[in-house]
Amino acid sequence: MAALLMPRRNKGMRTRLGCLSHKSDSCSDFTAILPDKPNRALKRLSTEEATRWADSFDVLLSHKYGVAAFRAFLKTEFSEENLEFWLACEEFKKTRSTTKLVSKAHRIFEEFVDVQAPREVNIDFQTREATRKNMQEPSLTCFDQAQGKVHSLMEKDSYPRFLRSKMYLDLLSQNQRRLS
């Protein structure tokens with residue numbers, strides 16, 4: 001059993017170690033992963049929109065470029081699995097097919113929630129066990145508790161650091177310079 005888990009762990013470790021050479025906290029790294037071509041996307045991103053991301057964490061999450069910027073920041077901290085889990089849960093809640101719901105639930109659980117999952121999120125034992133029990137009969141709400149914990153963790157921990165990061169501050173100043 002351990003031999004079967006090793007390749008998955010090694011792959012994750014290689015990915016994380018590979019990121020070390022690319023780790024940066026600059027706006028140029030953010031623009032490289034924007035959903036559209038970077039220059040066009042930055043032109044469409046207003047300073048007011050980027051400034052509004054500081055209003056609340058939910059405002060940031062409601063903006064596609066906000067999500068892209070926050071994802072880039074989390075990658076520099078090696079904690080992007082939190083956002084990826086939250087987004088997977090949001091997408092999961094849109095599932096209408098019962099058969100797809102069950103398979104998607106198990107996929108999300110195995111990828112993010114289960115102990116030693118490839119992209120395991122940091123949740124407490126009680127939440128993990130409650131979510132495990134929910135897997136017996138998956139529903140659209142089976143991840144709500146875990147998703148709430150991860151949202152709270154990001155909002156209280158990563159989000160304030162993002163707002164103080166060089167990446168976010170560079171983005172704001174680059175947009176202001178562009179408008180000048």
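Between His151 and Asn82, the side chains place no donor N or O within less than 3.5 Å of an acceptor N or O (distance only, hydrogens not considered). Side-chain contact annotation: Thr95 with Lys100, donor-acceptor N/O pair under 3.5 Å absent. A side-chain donor from one of Asp124 and Thr127 sits under 3.5 Å from a side-chain acceptor of the other. Under the 3.5 Å distance criterion, with hydrogens and angles disregarded, a donor-acceptor pair is assigned to the side chains of Gln147 and Lys93.
Residue Leu87 is grouped with residue Leu101 when hydrophobic side chains (ILVMFWY) are merged at heavy-atom distances under 4.5 angstrom, including chains of intermediate members. Linking ILVMFWY residues whenever their side-chain heavy atoms come closer than 4.5 Å, directly or via other members, places Val150 and Leu140 in the same cluster.
Counting heavy atoms from C-beta outward, Gln174 and Asp170 have side chains that stay 4.5 Å or more apart. In this structure, the side chains of Ile108 and Phe143 come closer than 4.5 Å at one or more pairs of heavy atoms. In this structure, Ser158 and Leu74 have side chains that are in contact, with non-hydrogen atoms separated by less than 4.5 Å. Looking at Val113 and Phe85, their side chains come closer than 4.5 Å, going by heavy atoms from C-beta outward. Phe125 has its side chain out of reach of Val115: every pair of non-hydrogen atoms, C-beta onward, lies at least 4.5 Å apart. Looking at Gln145 and Asn134, their side chains never come closer than 4.5 Å, going by heavy atoms from C-beta outward. Contact check for Tyr168 versus Phe70: no side-chain heavy atoms found under the 4.5 Å cut-off.
Not a single salt bridge (charged side-chain N to carboxylate O under 4.0 Å, His left out) links Arg52 to another residue, sequence neighbours left out. Considering only residues two or more places apart in sequence or on other chains, Asp114 meets the side-chain hydrogen bond (donor to acceptor under 3.5 Å, both in side chains) condition with Arg132.
Phe73 and Ser165 get closest at one heavy-atom pair: CE1-CB, 3.7 Å. Among all heavy-atom pairs drawn from Met154 and Pro160, the shortest one is O-CD, 4.2 Å. Here the closest heavy-atom approach between residue Cys142 and residue Met135 is recorded as SG-CE, 3.5 Å. Looking at every heavy atom in both residues, Thr131 comes nearest to Ala146 through OG1-CB, 3.7 Å. Minimum interatomic distance between Phe112 and Ala88 (heavy atoms only, all atoms of both residues): CE1-CB, 4.1 Å. Across all non-hydrogen atoms, the minimal contact from Ala50 to Leu172 is CB-CD2, 3.6 Å.
Atoms OG and CG, from Ser56 and Leu61 in turn, are 8.5 Å apart once rounded to the nearest 0.5 Å. Rounding to the nearest 0.5 angstrom, the gap separating the CZ atom in Phe92 from the OG1 atom in Thr141 is 8.5 Å. How far CD1 of Ile123 is from OG of Ser152: 13.0 Å, rounded to the nearest 0.5 Å. Put simply, CG on Leu171 and NZ on Lys166 are 11.5 Å apart, with the number rounded to the nearest 0.5 Å. Rounding to the nearest 0.5 angstrom, the gap separating the OG atom in Ser79 from the CG atom in Asn122 is 10.0 Å.
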Pair Leu60, Val67 - check side chain to side chain contact (heavy atoms under 4.5 Å, CB included), show working. CA-CA 6 Å; Leu60 174 78; Val67 170; over 6 Å; no

Is there a salt bridge (charged side-chain N to carboxylate O under 4.0 Å, His left out) between Glu91 and Lys104 once you walk through the steps? CA-CA 10 Å; Glu91 191 61 33; Lys104 283 182 179 183; 5.4 Å; no

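Ring-plane geometry between Tyr159 and Phe57 is classed as tilted, the angle between the planes lying from 30 to 60 degrees on a 0 to 90 degree scale.
Using modelled atom types, one side-chain atom of Glu120 and one backbone atom of Gln116 make a donor-acceptor pair closer than 3.5 Å. Judged by distance alone, the side chain of Arg71 and the main-chain N or O of Leu83 form no donor-acceptor pair under 3.5 Å.
Remark: Arg119 does not engage Glu80 in a salt bridge, criterion side-chain N to carboxylate O under 4.0 Å. Between Glu84 and Lys75 there is no salt bridge, since no side-chain N of the basic residue sits under 4.0 Å from a carboxylate O of the acidic one.
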